[in-house]
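Since the structure comes first, as structure tokens, the remarks are kept for the end.
Note: hydrogens, waters and symmetry copies are ignored here, and every other heavy atom, side chains too, is used. Residue numbers begin at 1 in each chain, while the letters A, B, ... track the order of the sequences.
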Number of protein chains: 4
Amino acid sequence: MRSRDDKKQEALYLATIKLVNEIGFSASSVAKIAREAGVSPATLYIYFKNKEDLLVSTYLEIKEEMGRALLAGFDEGLPVHDLLHRVWCNTFAYVSENLAEFRYTEQFANSPYSELVDKTRVRAHFEPLLRVIQQGIDRKIIKDVDPDILTAFLFHPIMVLANPKHCSSFKPSGENIEIAFRMAWDALRL
Amino acid sequence: MRSRDDKKQEALYLATIKLVNEIGFSASSVAKIAREAGVSPATLYIYFKNKEDLLVSTYLEIKEEMGRALLAGFDEGLPVHDLLHRVWCNTFAYVSENLAEFRYTEQFANSPYSELVDKTRVRAHFEPLLRVIQQGIDRKIIKDVDPDILTAFLFHPIMVLANPKHCSSFKPSGENIEIAFRMAWDALRL
Amino acid sequence: MRSRDDKKQEALYLATIKLVNEIGFSASSVAKIAREAGVSPATLYIYFKNKEDLLVSTYLEIKEEMGRALLAGFDEGLPVHDLLHRVWCNTFAYVSENLAEFRYTEQFANSPYSELVDKTRVRAHFEPLLRVIQQGIDRKIIKDVDPDILTAFLFHPIMVLANPKHCSSFKPSGENIEIAFRMAWDALRL
Amino acid sequence: MRSRDDKKQEALYLATIKLVNEIGFSASSVAKIAREAGVSPATLYIYFKNKEDLLVSTYLEIKEEMGRALLAGFDEGLPVHDLLHRVWCNTFAYVSENLAEFRYTEQFANSPYSELVDKTRVRAHFEPLLRVIQQGIDRKIIKDVDPDILTAFLFHPIMVLANPKHCSSFKPSGENIEIAFRMAWDALRL
DNA sequence: GATGAATGAGTGTTCATTCAT
DNA sequence: CATGAATGAACACTCATTCAT
């Protein structure tokens with residue numbers, strides 16, 4: 001028998017991301033994704049149970065990779081400020097280098113499919129970061145407020161700024177990134 | 001294309017918003033929207049050029065209404081801080097009272113249709129606010145940074161916090177809203 | 001608007017019967033049936049909820065018509081023997097003149113779809129006949145046995161003999177029909 | 001095509017019968033049959049030329065076995081009546097103990113595949129029985145009518161009565177079986 | 001001999017849109 | 001103005017069969 005080809009699975013992931021970026025979530029049909037990946041639509045169903053499985057798997061794949069990228073060089077010995085700064089910069093780097101992947105996750109999160117993912121599993125990839133934030137709170141460095149609020153001021157601004165689609169004038173230069181981080185820190189710190 | 005029976009047009013707007021919320025953007029077919037609105041699919045084409053026109057018009061309609069709501073009681077004589085605070089509270093009020101409309105705009109903005117809208121027209125509805133921010137900068141009250149950055153720390157956190165879908169623990173109590181505004185202000189002020 | 005066209009519904013019934021006869025139940029796809037009926041597959045779904053509905057409706061349509069045909073000239077004043085003889089002859093006439101319809105019902109009854117029909121509704125079309133048989137039992141003309149047994153000797157032999165597919169030598173001449181009825185009567189009568 | 005591993009071949013026969021009974025003829029795909037039999041779809045094609053061959057072979061296999069069962073204890077020295085009675089009882093026994101196999105043959109006979117089998121080969125399995133019937137005719141014990149008619153009153157009633165699917169009230173108790181045989185004999189005998 | 005991978009052709013069904021009334 | 005009927009094209013998915021190992 002022919003052996004299962006990881007190349008094909010990878011090609012399907014990439015085709016999915018590419019198409020969703022180019023023509024959007026709902027226009028990305030199984031047929032188009034398969035054609036883009038260079039396989040038959042029937043083949044897609046060897047690697048994924050159905051379309052939903054393909055889309056969810058693609059999302060989880062990206063989230064895992066993204067978690068690794070954001071936490072690169074994450075040394076928990078460093079001060080909270082420095083750790084957050086490191087993650088902040090990592091995020092900008094990841095998003096600008098993997099814009100398609102990032103946009104896929106945004107479209108996915110705003111689709112009905114998003115309700116199918118186990119959110120705690122996704123959160124797990126970012127666990128060390130959440131721990132450090134808690135540390136910052138305990139040490140009275142960061143405001144002691146609801147975690148959702150912290151997230152809203154720490155991560156969402158990056159997400160917006162790093163995605164050219166949402167920005168008309170902002171350019172992610174090193175300087176701008178530092179300015180924005182400074183503001184996030186002003187928001188969070190006690 | 002337009003006609004006198006605004007009841008039907010309004011019903012189509014509401015049906016669109018309701019369905020997109022319930023079953024998502026891509027599952028909201030013309031036939032379902034028409035049925036929900038209590039008209040024939042053919043009738044829809046009297047009021048809107050095509051599906052795209054329906055979706056875009058619905059979006060613009062919401063954005064206009066939303067602009068009005070956010071700027072309610074906007075007295076440019078007040079200090080910058082107070083004005084932003086007023087808008088902040090208005091936003092929370094609008095989103096929590098019009099969650100379906102708000103979610104529609106989020107789904108719309110993350111779809112390929114979003115590229116069809118004239119963004120300057122949308123921006124116009126929020127013009128007074130932008131003017132006040134510029135004032136704040138000129139008077140050295142607000143940091144002199146790219147407007148996109150200011151937006152990222154002023155509006156996006158609200159959008160996130162006001163939408164229960166994105167929050168697991170945060171509850172939009174009056175106190176929480178004040179805490180969050182305080183953080184936004186910390187980020188922006190000089 | 002265009003008005004609903006009974007011609008099309010009828011054409012779909014006929015196409016279904018024809019195709020099931022020619023290529024069998026499972027090979028009769030919606031696309032082929034629609035093409036045979038001269039309409040688009042999408043049109044089929046205006047007249048029937050889905051394929052199942054089409055097949056079941058076709059079956060019920062035939063059964064109703066068949067009930068009428070078998071009971072033509074059914075005068076309950078006649079003796080039991082004569083009434084059964086009349087039905088016997090009607091059945092031969094119906095089946096030989098409507099072989100395609102008859103075969104459709106046979107294929108249908110042997111498909112999983114058969115479990116979807118309300119059997120009491122079908123039985124209703126043959127009610128007068130069942131009543132007469134009960135009369136024959138009460139008057140001690142017909143053996144007092146389980147109704148299924150009577151049916152097995154009264155109807156099933158006709159079904160078999162009238163369907164050339166099941167017969168290699170039998171020809172439904174008037175004489176043969178009489179011979180066969182004589183045997184059925186011998187089986188039933190006390 | 002054939003090979004030595006009769007276990008697999010037998011498993012495929014059984015899987016085919018089981019699935020056709022459970023989900024019907026048309027829903028029984030090669031893939032499902034193979035899975036049910038615990039082999040790969042490709043393996044199926046080692047033992048059978050194609051799906052048609054599998055279905056026809058399964059039918060013939062059953063018919064052969066059935067012929068053996070019906071003629072068990074068939075002593076041509078016995079009177080015609082007793083021989084037919086014996087076959088009658090054998091049939092009830094076989095069908096009730098091998099309902100799945102029996103139903104398979106019914107579904108098969110009502111499918112287009114049935115036209116692919118050499119009917120004389122099937123008939124051969126029942127040859128002694130046909131011979132005895134002819135004997136009955138010659139000895140003026142049985143009515144001298146077309147063999148198809150005899151079959152219609154001898155075998156088809158059993159087929160119907162033995163298959164619970166066709167009966168709403170009839171139960172194949174010993175007594176009922178005798179009653180039914182009595183009726184068949186009444187129909188046939190001179 | 002045995003298999004999982006692979007696929008073109010097909011499945012039933014829904015789509016956005018137009019037509020005739 | 002308003003509509004249900006109509007449809008070609010597309011949808012997600014499965015089919016029987018073959019291929020390479």
Side-chain angles (χ1 to χ4, degrees), chain A residues 1-5 7-9 26-34 38-55, chain B residues 1-5 8 26-35 38-55, chain C residues 1-9 26-34 38-55, chain D residues 1-5 8-9 26-35 38-55:
Chain A
M1 60 146 181
R2 271 174 258 184
S3 66
R4 186 181 258 258
D5 190 350
K7 287 256 178 65
K8 288 216 171 73
Q9 180 144 325
S26 52
S28 296
S29 70
V30 168
K32 288 176 192 159
I33 292 171
V39 302
S40 154
T43 302
L44 190 151
Y45 286 86
I46 296 171
Y47 292 88
F48 301 94
K49 200 151 49 80
N50 48 32
K51 190 188 182 182
E52 171 186 315
D53 183 30
L54 168 65
L55 296 177
Chain B
M1 189 188 43
R2 293 267 165 144
S3 83
R4 260 175 263 103
D5 192 348
K8 287 211 172 76
S26 52
S28 296
S29 70
V30 167
K32 288 177 192 160
I33 291 172
R35 195 183 310 125
V39 301
S40 156
T43 304
L44 191 152
Y45 286 84
I46 295 170
Y47 293 88
F48 301 96
K49 197 147 52 85
N50 49 31
K51 190 186 183 182
E52 173 186 311
D53 183 30
L54 166 66
L55 296 176
Chain C
M1 60 148 181
R2 272 175 258 185
S3 67
R4 186 181 258 256
D5 190 350
D6 280 348
K7 286 254 178 64
K8 289 218 171 72
Q9 179 145 324
S26 51
S28 295
S29 70
V30 167
K32 288 176 191 158
I33 292 171
V39 302
S40 152
T43 303
L44 192 152
Y45 286 85
I46 295 170
Y47 292 89
F48 301 96
K49 200 151 48 85
N50 50 31
K51 190 188 184 183
E52 172 187 312
D53 183 31
L54 167 65
L55 296 176
Chain D
M1 190 187 42
R2 295 265 165 148
S3 85
R4 258 175 265 102
D5 192 348
K8 287 212 172 73
Q9 179 147 233
S26 52
S28 296
S29 71
V30 167
K32 288 176 191 159
I33 292 172
R35 195 182 312 125
V39 302
S40 157
T43 305
L44 191 150
Y45 286 83
I46 296 169
Y47 293 89
F48 301 96
K49 198 148 51 81
N50 49 33
K51 190 186 184 183
E52 173 186 311
D53 183 30
L54 167 66
L55 296 177

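Counting to the nearest Å, the C1' atom of F:dC13 and the NZ atom of A:Lys32 are 17 Å from each other. Across the protein-nucleic acid pair, D:Tyr45 atom OH and F:dC15 atom P stand 12 Å apart, rounded to whole Å. Between the CD atom of A:Gln9 and the C1' atom of E:dG4 there is a distance of 15 Å, rounded to whole Å. Taking atom CG of residue B:Leu44 and atom P of nucleotide F:dC1, one finds them 15 Å apart after rounding to whole Å. Distance, A:Lys7 NZ to E:dA6 P: 12 Å, rounded to whole Å. Put simply, CG on D:Asp53 is 14 Å from C1' on F:dT17, counting in whole angstrom units. Rounded to a whole Å, the CD1 atom of A:Ile46 is 15 Å from the P atom of F:dC13. We find that CG of C:Leu54 is positioned 15 Å from C1' of E:dT11, with the value rounded to whole Å.
If you check E:dA6 for Watson-Crick or wobble pairing at under 3.5 angstrom, you find it paired to F:dT17. Judged by Watson-Crick or G-U wobble contacts below 3.5 Å, the nucleotide F:dA10 has E:dT13 as its partner.
Side chain of C:Asn50, nearest nucleotide from E:dT13, E:dC15, E:dA2: E:dT13. When the nucleotides F:dA16, E:dT13, E:dA16 are ranked by their closest atom to the side chain of D:Lys51, F:dA16 comes out on top. Listed nucleotides E:dT3, F:dT3, F:dT18 differ in distance to D:Lys8; the shortest reach to its side chain belongs to E:dT3. For A:Ala42, taking side-chain heavy atoms from C-beta onward, the closest of the listed nucleotides E:dT7, E:dT18, F:dT17 is E:dT7. When distances are taken from the side chain of D:Ser40 to each of E:dT7, E:dG12, E:dG4, the shortest belongs to E:dG4.
The shortest heavy-atom contact between C:Asn50 and C:Tyr45 is CA-CE2, 3.7 Å. Taking all atoms of both residues into account, the shortest heavy-atom contact from A:Ile33 to A:Ser28 is CD1-O, 3.9 Å. Between A:Ala31 and A:Pro41, the closest heavy-atom pair is CA-CG, 4.4 Å.
When heavy atoms are screened at a 4.0 angstrom cut-off, D:Thr43 is found touching base atoms of the nucleic acid. Looking at heavy-atom distances under 4.0 Å, C:Tyr47 makes contact with sugar-phosphate atoms alone, never a base. Nucleic acid contact class of A:Val30 (heavy atoms, under 4.0 Å, all strands): sugar-phosphate only.
Between D:Gly38 and B:Ser29, the residue anchored closer to the 5' end of DNA chain E is D:Gly38, taking for each the nucleotide with the nearest heavy atom. In terms of position on DNA chain F, the residue among A:Pro41 and B:Pro41 whose nearest nucleotide sits closer to the 5' end is B:Pro41. With the nearest nucleotide of DNA chain E identified for both B:Ala27 and C:Ser26, C:Ser26 has the one nearer the 5' end.
When atom types are taken as modelled, the side chain of B:Lys51 and the backbone of B:Val30 share no donor-acceptor pair closer than 3.5 angstrom.
The structure places CG of D:Leu54 at 13.0 Å from OH of D:Tyr47, a figure rounded to the nearest 0.5 Å.
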